[in-house]
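Positions are given from 1 along the sequence. Numbering of ligands and ligand atoms starts at 1, following listing order.
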Amino acid sequence: MQYRSTRGDESTGINAAEAVIQGLAPDGGLYVPVHFPEGCLDLKRLPGISLQEASRFVLHTMMDDFPAKQIDASIKAAYGKQWDDSRITPLSQDKAGNYYLELFHGPTLAFKDVALQLLPQLMTRAQKLTGNQRGIVILTATSGDTGTASMDGFSDVDGTQVAVFYPHHGVSPIQLHQMLSEPGDNLAAYGVEGNFDDAQTNVKKIFNDKQMEQRLADHDLQFSSANSMNIGRLIPQMAYYLYAYGQLAQRGTIQLGDPVNFAVPTGNFGDILAAYYCEKLGLPIKKLICASNQNNVLTDFFNTGTYDKRRTFTVTNAPSMDILVSSNLERLLFDAADGDVAMVKKLMDQLNSDGHYQITPAMKDYLDQRFVADYADEQQVRDEITRLYQEAKYAIDPHTAVASAVTHRYQINSHDDTPTVIVATASPYKFAETVYHCVTHRNDLQEPGLPAIKQLHQALGGDLPASVQALFDRADRSEQVVEPSEMEDAIAKQLKI
Ligand SMILES: *Cc1c(COP(=O)(O)O)cnc(C)c1O
């Protein structure tokens, strides 16, 4: 299977191992399959399939240049004892009959662990497969969770260095603690004076800077990305949609072939794109519900066909979704434009220069058939956490609450009674401050961060998951804060180049 850039012709095709190492295409586009293996999924395999088996199928299909043995070894290393639930991504059902696909049982308590426990496995093997001798520098912009998850995944992995840039003042106290206390000699995290988009824009710029590339090459190094722009991030995420469908079939909620909806709390559009790719493989999906927070640029886009980032950026209680430029949307546009790379490039250039673009009616129609979109503001997020806890004694984090609130409204307004899986992307403990207020209605929180976790634990009862407990035993390094213009220097210093 070959991958090509969304902005380049088919002849730019490379195999999956090379695409994983490169991360972003040199022309600034994203790698997508040259020929998507449409409809190759045999639904009969799905009932009761384990997450690991689903992952094996996805990797064999989408990364067929990796030998089977290496795929198996990678999966074994990624989905083991570091998860606090042996099912890895359990599907729970609340008393009201909605399904929550819990993707937060990994070491950093958010869904990004599913991909980022696997990506280092794939990347180090890709290095050997392609005969690449260079050290890999993982350069990552994060709204909070990618940073912690990449640091954990790559911690002390041979031949890799990690530089993470997060918005200073834009991440939660627990996310900050996780980044500052993650053990590993090859890791560094920097606060950027700016928001996530500032960090991401500059990371992309550094990534595509030819001079910097040469400087790294002179020291036998090369950049790669752990953001969901990397297919090695995106493709592992497809597995849990197959798993969830298999669970619903196994439990008799659906018959094989019946459609389901997935509601996804969306930021950079990676998670929901993985669901859409599953649909292309043949998974019966009726609607993908794209749920945004107050930074609702995607809601407006899906409803009007105009993408317009010229709006106020809001730091919300669901910070991992505080994004105005959703990078992975480019892959969907590529399909909606039927592979017209000139069109994709034109739209992306317009976004860069003018801050907005409009898609054609045909493209809009392609999206309308598959997606619905809505958003929840901060108060609606809090109300949803409270509602679900009162009705079902089920505690959800603010990101999950965005999708849950949007789904609730969608079901009432559309009368769509298709079984719906809400993707639960973070543990309630990761955003303990917000969740504590919503479930207790008390204002007696002593301090944010670890003390809030303790108080939330008292309120919820039950056992504290091991990865949450582990946070109490780690000490923070001091925070390093840089201006966007100083990011390149910080990397050079870290790499000693
Ligand atoms: C990253 C993240 C999201 C958004 O996922 P995208 O793939 O960027 O759309 C949602 N919730 C949480 C908790 C996250 O960490």
Side-chain angles (χ1 to χ4, degrees), residues 30 89 100-116 119 140-153 164 166-167 170-172 174-175 178-179 196-197 199-200 225-238 240-241 262-277 288-293 295-299 301-302 316-332 371 373 375-376 381 385 396-406 422-432 434-435:
L30 304 184
T89 59
Y100 290 82
L101 181 59
E102 297 184 354
L103 304 182
F104 52 76
H105 291 276
T108 75
L109 313 173
F111 90 95
K112 293 180 175 76
D113 286 328
V114 179
L116 280 164
L119 178 65
T140 287
T142 180
S143 52
D145 291 332
T146 293
T148 58
S150 358
M151 290 172 86
D152 191 278
V164 165
Y166 59 87
V171 298
S172 84
I174 292 162
Q175 288 173 324
Q178 286 178 316
M179 285 190 277
F196 171 72
D197 288 317
Q200 173 157 270
S225 165
N227 280 103
S228 52
M229 282 95 90
N230 193 322
I231 61 154
R233 250 296 287 282
L234 189 63
I235 288 167
Q237 292 173 182
M238 294 167 67
Y240 46 74
Y241 292 104
F262 287 104
V264 188
T266 296
N268 225 355
F269 211 73
D271 202 2
I272 195 167
L273 192 85
Y276 160 77
Y277 273 5
L288 291 169
I289 302 172
C290 175
S292 301
N293 65 19
N295 297 294
N296 58 355
V297 63
L298 285 170
T299 311
F301 169 68
F302 279 103
T316 74
N317 52 13
S320 305
M321 298 160 66
D322 291 344
I323 292 175
L324 293 180
V325 182
S326 288
S327 300
N328 269 297
L329 190 64
E330 182 168 343
R331 289 184 161 114
L332 181 62
F371 291 86
Y375 76 102
V381 162
I385 297 173
I396 54 173
D397 97 289
H399 304 78
T400 309
V402 168
S404 192
V406 163
I422 294 161
V423 177
T425 48
S427 159
Y429 286 110
K430 194 157 192 180
F431 301 92
T434 303
V435 178

Please find out if less than 6.0 Å separates the ring center of Tyr241 from that of Phe262. yes

Hey, what's the ring geometry for Tyr276 with Phe371, parallel, tilted or perpendicular (30° and 60° as the breaks)? tilted

Please check if the number of heavy atoms outside Tyr375 that lie under 6.0 Å from its OH is greater than 12. no

What I want to find out is whether Lys112 reaches Asp271 closely enough, with some N-O distance under 4.0 Å, to be called a salt bridge. no

I'd like to know whether the aromatic ring centres of His399 and Phe431 sit less than 6.0 Å apart in this structure. yes

Heavy-atom pair with the smallest gap, counting every atom of Thr148 and Met179: CG2-CG, 3.4 Å

Distances for all N or O pairs of ligand 1 and the protein under 3.5 Å?
from, atom 1, to, atom 2, distance (Å)
ligand 1, 7 (O), Gly270, N, 3.1
ligand 1, 7 (O), Asp271, N, 2.9
ligand 1, 8 (O), Asn268, N, 2.7
ligand 1, 9 (O), Gly267, N, 2.8
ligand 1, 9 (O), Asn268, N, 3.2
ligand 1, 9 (O), Phe269, N, 3.0
ligand 1, 11 (N), Thr425, OG1, 2.9
ligand 1, 15 (O), Lys112, NZ, 2.5
ligand 1, 15 (O), Asp145, OD2, 2.4

